[in-house]
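This report concerns only the one structure given below.
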Amino acid sequence: MTTRILAANDRSIQECADYLKKGELVAFPTETVYGLGANALSSSAVAKIFEAKGRPRFNPLITHVLTAEEAEGFGIMNEEARKLAHNFWPGPLTMILPRRAACDLSDLVTAGLETVAIRVPAHKVARQLIKACGLPLAAPSANVSGQVSPTSAAHVSASLQDKVGFILAAGPSQAGLESTVVDMSGDRALILRPGTITAADISAVLGYEVAIDDGDHDSPKSPGQLLKHYAPGIPVRLNAVDIKKGEALLAFGSVKFMGIEGGGAAGDMPPESCMNLSPEGDLYEAASNLFAMLRALDTPVHTGIAVMNIPDVGVGNAINDRLRRAARA
Ligand code: TXA
Ligand code: MG
């Protein structure tokens with residue numbers, strides 16, 4: 001199939017909505033990363049997502065809806081889940097909820113689990129698309145399984161060329177990291193994937209300290225966290241205090257003290273080999289730049305990517321989560 005990239009407007013959104021209603025795939029922008037959408041009620045449509053991404057069937061998908069009321073049609077929300085919905089929806093938060101008996105989502109979406117993952121996105125185009133097709137949309141990140149998530153239409157097309165009919169384009173994703181996934185199916189909230197809504201943000205609303213279980217052990221609660229993820233094609237080296245010959249530098253904050261082995265300073269490197277997530281040291285800015293810069297530095301010209309230390313606080317938790325997975329060979 002030929003992939004067509006359409007600038008998002010009322011007409012192209014309607015065209016993509018009609019395509020989704022026919023059971024086909026559409027890639028669309030959200031405030032986190034671009035998603036690969038399908039009708040979440042149709043197993044034949046959802047099966048196409050797994051096929052296009054090469055995604056293992058045991059890894060469940062997030063369903064995107066317009067309101068918390070719609071979310072309640074699929075999952076059971078307790079008082080705490082409602083508080084989170086009130087504070088963070090629409091926005092980059094996914095809740096894992098006990099699956100309602102009457103939930104009519106395809107079993108492929110939930111990979112046969114007793115829980116559902118639901119998100120209410122804030123991005124205008126994502127919302128217009130869901131509204132125009134009148135369907136809940138199952139949507140993982142719009143990349144081949146294991147690759148870095150796409151934060152632009154160009155990234156989607158580089159990864160899924162000919163595997164998706166339409167890509168709705170609307171500029172770079174603002175948050176730049178996948179949504180925070182919080183498990184609300186147990187007694188206490190538990191973060192399964194850190195994101196730009198931080199543990200502190202969620203703790204402040206719930207009134208107790210919410211822990212992060214990022215799945216870096218043998219029995220992760222989120223099947224996706226088991227997998228090698230977010231991996232560039234060349235080695236990634238974390239907490240670098242110098243630059244080896246041939247390496248690119250992914251900087252954070254000042255590069256004043258970063259030297260190249262054998263002589264030279266980071267400041268002397270060509271711009272295509274040295275990128276700064278945030279010269280000012282702003283973690284939100286760093287999050288929004290992370291995937292695009294990892295992609296840009298990931299060329300055979302470099303032997304690897306040296307990444308400077310990122311403080312492990314707030315959004316830094318989420319950035320370091322993705323970097324640890326990128327560095328895992
Ligand atoms: O920001 C995002 O969340 C993007 C945009 C497109 O919305 N989507 C996204 O989807 O990142 P995906 O499929 O790449 O990641 C979904 C994660 C996976 O780690 C999956 O295992 C987990 O959510 N997940 C889905 N359903 C789950 C469930 N019932 N229980 C535990 N984890 C679940
Ligand atoms: Mg993904």
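Please read all numbers here as calculations on a predicted model, not as lab measurements.
Side-chain atoms of S179 and T32 form no donor-acceptor pair, as typed in the model, at a separation below 3.5 Å.
Counting only distance, with no hydrogens or angles, the side chain of T151 and the backbone of S173 share no donor-acceptor pair below 3.5 Å. In this structure, S106 contributes its side chain and L108 its backbone to a donor-acceptor pair below 3.5 Å. Side chain of K21 to backbone of L135: no donor-acceptor contact under 3.5 angstrom is found. With D162 contributing its side chain and T2 its backbone, the two residues share no donor-acceptor pair below 3.5 Å. Between the side chain of R127 and the main chain of A122, no donor-acceptor pair closer than 3.5 Å is present. Side-chain N or O atoms of K48 include one that pairs as donor or acceptor with a backbone N or O of G23 at under 3.5 Å. Between the side chain of R322 and the backbone N or O of E178, at least one donor-acceptor pair lies under 3.5 Å. Without hydrogens or angle criteria, R119 side chain to T180 main chain gives no donor-acceptor distance under 3.5 Å. Judged purely by atom type and a 3.5 angstrom limit, S203 uses its side chain to pair as donor or acceptor with the backbone of V210. In this structure, the side chain of N320 engages the main chain of I310 through a donor-acceptor pair within 3.5 Å.
Hydrophobic clustering (ILVMFWY, side-chain heavy atoms < 4.5 Å, transitive): M293 and L323 are in one cluster.
The CD1 atom of I167 sits 4.5 Å away from atom CD1 of I5, with the distance rounded to the nearest 0.5 Å. The CG atom of L113 lies 11.0 Å from the CZ atom of F58; values are rounded to the nearest 0.5 Å. Expressed to the nearest 0.5 Å, how far CG of L105 lies from OG of S43 amounts to 10.0 Å.
For the side chain to side chain contact (heavy atoms under 4.5 Å, CB included) with R295, the lone residue among P150, S149, S152 that qualifies is P150. The side chain to side chain contact (heavy atoms under 4.5 Å, CB included) with D298 is formed by just one residue from the set V236, V148, I234; it is I234.
A salt bridge between R237 and D242 is present, with a side-chain N of the basic residue lying under 4.0 Å from a carboxylate O of the acidic one. Note on D18 versus K22: no salt bridge recorded, every NZ/NE/NH1/NH2 to OD/OE distance being 4.0 Å or above.
Residues H123 and F28 form no side-chain contact, since every pair of their non-hydrogen atoms from C-beta on lies 4.5 Å or further apart. For the pair T110/T63, no side-chain contact is recorded, criterion being any heavy-atom separation below 4.5 Å from C-beta on. Between V144 and L160 the shortest side-chain heavy-atom distance falls below 4.5 Å. Side-chain contact check for P29 versus L168: some heavy-atom pair is nearer than 4.5 Å. For the pair V65/I118, a side-chain contact is recorded, criterion being any heavy-atom separation below 4.5 Å from C-beta on. Side-chain atoms of N143 and H155, non-hydrogen and from C-beta on, never get closer than 4.5 Å to each other. Between P136 and F74 the shortest side-chain heavy-atom distance falls below 4.5 Å. Counting heavy atoms from C-beta on, the side chains of C16 and L129 come closer than 4.5 Å.
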Does the pair N39 and L20 meet the rule for a side-chain contact (heavy atoms from CB on, under 4.5 Å), with working shown?
CA-CA 6 Å; N39 175 2; L20 284 165; 5.9 Å; no

K244/T303 under side-chain contact (heavy atoms from CB on, under 4.5 Å): CA gap, chis, key distance, verdict
CA-CA 9 Å; K244 311 282 177 225; T303 54; 6.0 Å; no

Stepwise, does the side-chain contact (heavy atoms from CB on, under 4.5 Å) test hold for S159 with K53?
CA-CA 9 Å; S159 189; K53 280 182 65 88; over 6 Å; no

Check the pair V313 / L283 against side-chain contact (heavy atoms from CB on, under 4.5 Å), numbers first and verdict last.
CA-CA 9 Å; V313 292; L283 289 167; 4.3 Å; yes

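For the salt bridge (Lys or Arg N to Asp or Glu O under 4.0 Å) condition, the pairs that include at least one residue of residues 76-86, sequence neighbours left out, are E72-R82, E79-R82. Screening residues 186-201 for salt bridge (Lys or Arg N to Asp or Glu O under 4.0 Å), with sequence neighbours left out, gives no hits.
Of all non-hydrogen atoms in A199 and I191, the two that sit nearest each other are CA-CD1, 3.5 Å. Between A138 and V109 the shortest heavy-atom distance is CB-CG2, 4.0 Å. Shortest non-hydrogen contact noted between A153 and A169 is CB-CB, 3.6 Å.
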